[in-house]
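I have placed the structure first, in the form of structure tokens, so that the comments after it can refer back to it.
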Protein chains: 2
Amino acid sequence: MRDFTYETPATRVVFGAGCAGRALAAEVERLGAGRLLIVATPRTAALAAALAEGLNVVAVFDGVREHVPVETVDRAVELAERSGADAVLSVGGGSTTGTAKAVALRTSLPVVAVPTTYAGSEVTPVWGTTEGARKTTGRSSLVVPKAVLYDPALTMALPARLTAVSAMNAMAHCVEAFYAPGANPITDLVAAEGVRVIAGALPAVVAGPGDEAGRAGLLYGAYLAGSAFAAAGSGLHHKICHVLGGAFGLPHAETHTVLLPHVAAFNEPAVPALRTRAAPALGDVNVADGLTRLIARIGAPVSLAGIGLARSDLDLAVKLVLDKDLRDNPRPVGEPEVRRILTGALHGRLPVSTAT
Amino acid sequence: MRDFTYETPATRVVFGAGCAGRALAAEVERLGAGRLLIVATPRTAALAAALAEGLNVVAVFDGVREHVPVETVDRAVELAERSGADAVLSVGGGSTTGTAKAVALRTSLPVVAVPTTYAGSEVTPVWGTTEGARKTTGRSSLVVPKAVLYDPALTMALPARLTAVSAMNAMAHCVEAFYAPGANPITDLVAAEGVRVIAGALPAVVAGPGDEAGRAGLLYGAYLAGSAFAAAGSGLHHKICHVLGGAFGLPHAETHTVLLPHVAAFNEPAVPALRTRAAPALGDVNVADGLTRLIARIGAPVSLAGIGLARSDLDLAVKLVLDKDLRDNPRPVGEPEVRRILTGALHGRLPVSTAT
């Protein structure tokens, strides 16, 4: 047994196909709220309105944008204040939940989250906004949604391509939870189960997106992933992804997908739990191979070049990653290591675990 | 994936040998508290005072009694109010934590808990008090300790005999979590790990109470057990134990130890997870056998008669158990079933799983 500190916010999760429609009114009532601000994307706004039918929706903000730009949050906060909303209903993926959380940080309004992807953000105290090319993140119990409605039925229409990368984003939360600063025996347990559930369900769902049991598994895995990440915190992988998203506008989930095997291959020699717990949960002898095989099987992106990073961006990317505090990584990481990881990911090379 | 609702209170756990002495001041400061009421037993009061050295202790209540009698709580509450305490420091086993929680329920004071046994009560929203022969229990987020300091060093002196039954009390939380009303995939995961950790560590610690790694394992297992129980809630086993403790004054942990294999044997045919998850974690093919073998190995009590229940108490015990609401048990349970379970436990018969 290693020493640890483990802090968890109060959470309330309702899980089940159809639960969002059935349970929303009761959850809003539990909060003592009666004036809802809907936060959604243009794509999810209609779904949000349908779920909230019969409830008192005082305003709808459907201007969510990826990476949660500060100007977007400003507009949503203004709408919250102008409408006298007393709760936020967020319906959408990670950027939607992220926008609702940023609104909560500024207004202290409670959030009811209905996630429609596998981002996992709905159970973490982490918030993040982007100003210009710079992503700022922080932690606050204020932003943790007071209730989360996990409804696999709402994820059935998520296209196979998006399903693949969104689930790999959840997988990244699990993998990183094994060595991020707050990692502890509980996050190990939850993360290993998350890896097992996601790896077990993902290929079948990508092959047949209508697989109801598989969809429920992925959403459950995303919840486990978010829970583990909430306590374990961010490590090298997330720091690199934030740089690439903020500075180069790379798509969030795709960036996670491409980078994960490379960072895992780098850290694996220094993190026994990756080999003893994550690899078996992937059904492989090491994590880098297991992730690489899984990504190949689901046809997800394997190079940063393929998702929009130019070769000429590499030096700046390396510099920006090194600007982050990387001292808590389990394996010492400096300029050559960051360059090696990013170069491999840029070109989609096969990641290989190397001894420390 | 089955549907579920999972609600957890905010928790903060610090785990590690020596952590209570090192971290207490910081945890009290995090609460913004500065006037401590110590709640302890005559045996743990000196330890509590030593841990709180340098902090502002405004009152000490060392009159904790088993089963948390209401009069005891009255006296502690009066002391809390008279002394102007702004936080409770609880140092002791389940009855001590239980008394502190009962004080919190009445005063809204935050509790910092330092458990010295494996009762697990420090992470649950369950409170319980006894008035006359009747135990009353309830749930409230008010009573959940704001911080828990798990310090295995403080458990080293727990005698082998007490260690055995206290750990079996924790085991009962895990086993019951597989079928209690709030059971869900997360409580299954946590409970299975709890069973594995406790069953793995207990025989070695009973054989050699100075086993530091084993002690850490047991305390970690007790934490897992409490967490699973907190969400899953009480089932048949706990209801019977409450009756026997409240009405006949049987010792709490010993009662759990004796009854657990009998209730598990009865419910096992109706709860697949007991066979598929709990039994393997015990290293056995069924839970009843696994528990029976473990109890034999650690030399813990195997009959209610041996811990103070008279044969002439049986009819009243059966009646009092049937007064409880048993409808949520996974296997229908009426007078003949309760009588069979209690008779078997009274005489220390070998529990046998029987088909439904």
Side-chain angles (χ1 to χ4, degrees), chain A residues 1-19 22-23 26-27 30 123 125 141 144 146-153 182 184-194 196-197 200-201 211-221 223-224 227-228 230-231 277, chain B residues 1-19 22-23 26-27 30 123 125 141 144 146-153 182 184-186 188-194 196-197 200-201 211-224 227-228 230-231 277:
Chain A
M1 282 300 309
R2 60 199 203 256
D3 295 356
F4 65 88
T5 299
Y6 180 44
E7 188 165 1
T8 52
T11 57
R12 185 175 158 81
V13 163
V14 180
F15 191 103
C19 78
R22 282 196 306 272
E27 294 302 325
R30 281 179 76 92
V123 288
S141 59
V144 182
K146 295 290 179 284
V148 180
L149 302 177
Y150 282 113
D151 185 345
N184 66 55
I186 311 280
T187 55
D188 276 9
L189 179 69
V190 172
E193 183 77 350
R196 193 187 64 76
V197 170
D211 176 347
E212 288 178 24
R215 287 288 186 184
L218 287 185
L219 198 56
Y220 177 56
Y223 162 46
L224 295 171
S227 301
R277 307 201 61 167
Chain B
M1 280 301 308
R2 60 197 202 257
D3 297 355
F4 65 88
T5 299
Y6 181 44
E7 187 165 2
T8 52
T11 56
R12 185 174 157 80
V13 163
V14 180
F15 191 105
C19 78
R22 282 196 305 273
E27 293 303 324
R30 281 178 77 93
V123 289
S141 59
V144 182
K146 297 289 179 284
V148 180
L149 303 176
Y150 282 113
D151 185 345
N184 66 53
I186 312 280
D188 276 9
L189 180 68
V190 172
E193 183 76 351
R196 194 186 64 75
V197 171
D211 176 347
E212 287 179 24
R215 287 287 186 185
L218 286 187
L219 197 58
Y220 177 56
Y223 162 47
L224 295 170
S227 302
R277 307 200 63 168

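Reminder, nothing fancy here: chain letters follow the sequence lines and each chain counts from 1.
Residue with the most contacts toward chain B among A/T8, A/V190, A/D3: A/T8 (heavy-atom pairs, distance under 4.5 Å). Comparing B/G18, B/G16, B/A10 by heavy-atom pairs within less than 4.5 Å of chain A, the highest count is held by B/A10.
With a threshold of 4.5 angstrom between heavy atoms, A/Y150 does not approach chain B through any atom at all. Heavy-atom distances place no part of B/A23 under 4.5 Å from chain A, backbone and side chain included. For chain B, no part of A/L219 is nearby; none of its heavy atoms comes within less than 4.5 Å.
Partners of A/P185 according to the side chain to side chain contact (heavy atoms under 4.5 Å, CB included) rule, which considers only residues two or more places apart in sequence or in another chain, are A/M1, A/R2, A/F4, B/Y220. Every side chain to side chain contact (heavy atoms under 4.5 Å, CB included) that A/T5 has, sequence neighbours left out, goes to B/R12, B/V14.
Atom CZ of B/F15 sits about 9.5 Å away from atom CD1 of A/I186, to the nearest 0.5 Å.
Looking at A/E193 and A/R196, a side-chain N of the basic residue comes within less than 4.0 Å of a carboxylate O on the acidic one, giving a salt bridge.
Taking 4.5 Å as the limit, some side-chain heavy atom of B/V148 sits within range of a side-chain heavy atom of B/V123.
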